[in-house]
Structures are given as C-alpha cells and as structure tokens.
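See structure below.
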Amino acid sequence: MVLSDRTIKDALAVGRIRVEPCDPDDIQPSSVDLHLGGNFRVFRNSRYPYIDPSREQAGLMELVEATAEDPFVLHPGEFVLGTTVERIVLPEDLVARLEGKSSLGRLGLLIHSTAGYVDPGWDGRLTLELSNVANLPIVLMPGMAIGQISFFQMTTPVDRPYGTPGLGSKYQGQTDVTASKMFDNF
C-alpha cells in the first residue's frame with residue numbers, strides 16, 4: 001500500500017519516517033519532493049582504459065562542486081552521480097521508491113539507472129545516477145527539486161533491515177555523493 005500525504009505527514013510528525021530537511025510544501029499527494037545537492041562525481045575518462053567493477057579504481061571519479069552562481073552542466077549522453085539534500089531514514093516496515101520529476105524527465109533528465117529502491121532501515125542521503133538523454137545540455141542547480149520519494153507499507157517488519165551487520169550494506173549512513181563500492185562484492 002502506498003502512503004498518502006496524510007499518512008506521510010503523520011509519520012513525519014512522530015519520527016516514523018525522517019526526511020531532513022522537509023518543507024511541508026514538498027509533501028505531494030503520495031510522495032515528498034527531494035532536492036539536488038551541490039556535489040557531483042564525474043568520470044575521469046583518461047585515468048583508466050576501462051571500468052573494472054571487481055577492483056577499487058582510485059581516482060576513477062572526481063568530486064565537482066556546483067553553486068547557484070556556477071551550476072553543473074550535464075551534457076548529452078553524460079552520466080554523473082549526484083546526491084539529495086535530504087537525509088532519509090526509514091523504519092523496518094516501510095520501503096521507498098525514488099522517482100524523477102516528470103517535468104525534468106520531459107527535458108531528458110533521468111535521475112536513476114537502477115538505484116530507485118530504498119530498503120527498510122535505510123539511513124542517509126540518496127546518491128542519484130544522473131543521465132542526460134536529450135540532445136542539449138541541461139543545467140542542474142543545487143537546491144532544485146530533482147525527484148520524489150514515495151513510501152510503501154510492508155506486510156511485516158523485515159528480519160534484517162538495511163545496515164544490519166553481515167548484510168553487506170555498503171552505503172548506510174552516506175552523507176555525500178558516493179561512488180560505487182561494487183568491488184566489495186568480490
């Protein structure tokens with residue numbers, strides 16, 4: 001079952017769900033709007049001849065900071081990582097879905113490739129997988145509404161929430177844009 005705006009407001013009020021910061025105007029009929037942070041991770045194409053998911057490749061991506069005065073420009077076909085301003089904390093019986101804003105999607109901006117699912121027990125800022133599938137560059141302003149998160153009630157609380165020791169939760173508690181840690185699986 002998808003949580004309605006009324007249920008989201010109640011859950012936020014008692015701390016069952018945490019979206020920090022959260023402006024009441026960001027609460028939509030069945031989701032909460034999320035905003036783009038100012039840090040991006042960009043591939044350094046000349047550093048390695050290929051990406052090897054089984055190895056940590058130091059320097060594969062570099063951190064780029066954007067500001068309102070100097071926004072980030074995402075070029076056609078480009079893929080970068082970004083982050084939300086908001087920290088999201090979920091209880092053990094709710095799961096969430098991250099989706100892009102349709103108005104940005106209509107301009108060719110995709111905010112995730114595969115990481116749209118937020119596990120029960122999650123705590124941290126969300127890393128965005130930003131792609132420009134348009135034919136023109138897209139200006140990304142820190143603080144702009146970038147996506148929305150909706151919440152789903154599970155049938156029971158999970159036995160092992162995200163972040164449980166031994167589960168391999170590589171991104172629990174992330175506070176900034178985080179590069180892939182796939183190499184930890186090998």
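None of these values were measured; they are calculated from a predicted model.
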How many angstroms lie between atom [atom1] of [X] and atom [atom2] of [Y], to the nearest 0.5 angstrom?
X: F79; Y: S131; atom1: CZ; atom2: OG; value: 5.5 Å
X: Y162; Y: D123; atom1: OH; atom2: CG; value: 11.0 Å
X: D184; Y: Y171; atom1: CG; atom2: OH; value: 7.5 Å
X: M182; Y: R55; atom1: CE; atom2: CZ; value: 15.0 Å
X: D5; Y: S31; atom1: CG; atom2: OG; value: 9.5 Å
X: S30; Y: R97; atom1: OG; atom2: CZ; value: 13.5 Å

Which pairs would a plain distance check flag for residues 101-117, meaning a side-chain donor or acceptor within less than 3.5 Å of a matching protein atom at least two apart in sequence or in another chain?
from	atom 1	to	atom 2	distance (Å)
K101	NZ	D33	OD1	2.9
K101	NZ	D33	OD2	3.4
H112	NE2	L98	O	3.0

Keeping the roles fixed (side chain from [X], backbone from [Y]), state whether a donor-acceptor pair exists under 3.5 Å.
X: T67; Y: D70; value: yes
X: E78; Y: N132; value: no
X: S54; Y: F186; value: no
X: E62; Y: F43; value: no
X: R125; Y: E86; value: no

Query - Neighbour count >12 (heavy atoms, 6.0 Å) for atom CG, N135 - result: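 Open: at most 12 neighbouring heavy atoms sit under 6.0 Å from CG of N135.
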Requested in this report: Answer yes or no: does atom CZ of R47 have more than 12 heavy-atom neighbours from other residues, nucleotides or ligands under 6.0 Å?
Outcome: yes
Requested in this report: Could you give me the CA-CA distance, side-chain angles and deciding distance for S169 and T164, then say whether side chain to side chain contact (heavy atoms under 4.5 Å, CB included) is met?
Outcome: CA-CA 7 Å; S169 306; T164 299; 5.9 Å; no
Requested in this report: Go through the structure and list residues passing side-chain hydrogen bond (donor to acceptor under 3.5 Å, both in side chains) with E20, not counting sequence neighbours.
Outcome: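 For E20 the side-chain hydrogen bond (donor to acceptor under 3.5 Å, both in side chains) partners, ignoring immediate neighbours, are R18, R87.
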With clusters defined by side-chain heavy atoms of hydrophobic residues (ILVMFWY) lying less than 4.5 Å apart, directly or transitively, does [Y] cluster with [X]?
X: M61; Y: V73; answer: no
X: L60; Y: F183; answer: no
X: V80; Y: V64; answer: yes

**Report entry** Full working for side chain to side chain contact (heavy atoms under 4.5 Å, CB included) between F40 and V177
**Finding:** CA-CA 6 Å; F40 300 86; V177 58; 5.9 Å; no
Requested in this report: Could you please spell out the steps behind the side chain to side chain contact (heavy atoms under 4.5 Å, CB included) verdict for K170 and T178?
Outcome: CA-CA 10 Å; K170 297 183 282 288; T178 305; over 6 Å; no
Test item: [X] and [Y] side chains (from C-beta on) under 4.5 Å apart, heavy atoms:
X: F72; Y: L130; result: no
X: L3; Y: L94; result: yes
X: S4; Y: P29; result: no
X: L36; Y: L140; result: yes
X: I138; Y: L136; result: no
X: E129; Y: L81; result: yes

Report, one line per pair, each donor and acceptor closer than 3.5 Å where one atom sits in a side chain of residues 142-158; sequence neighbours left out.
from	atom 1	to	atom 2	distance (Å)
Q153	OE1	R16	NH2	3.2
Q153	NE2	D93	O	3.1
Q153	NE2	D93	OD2	3.2

Query - For the student: nearest non-hydrogen atoms of G163 and Q172, plus distance - result: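 Looks like CA-NE2, 3.8 Å.
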Report task. Could you check V85, I88, L128 and say which one makes a side chain to side chain contact (heavy atoms under 4.5 Å, CB included) with L34? Result ->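 Answer after filtering V85, I88, L128: I88.
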Query raised in the report: Under the side chain to side chain contact (heavy atoms under 4.5 Å, CB included) criterion, do V89 and I17 qualify, and how do the steps go?
Result: CA-CA 6 Å; V89 182; I17 297 172; over 6 Å; no
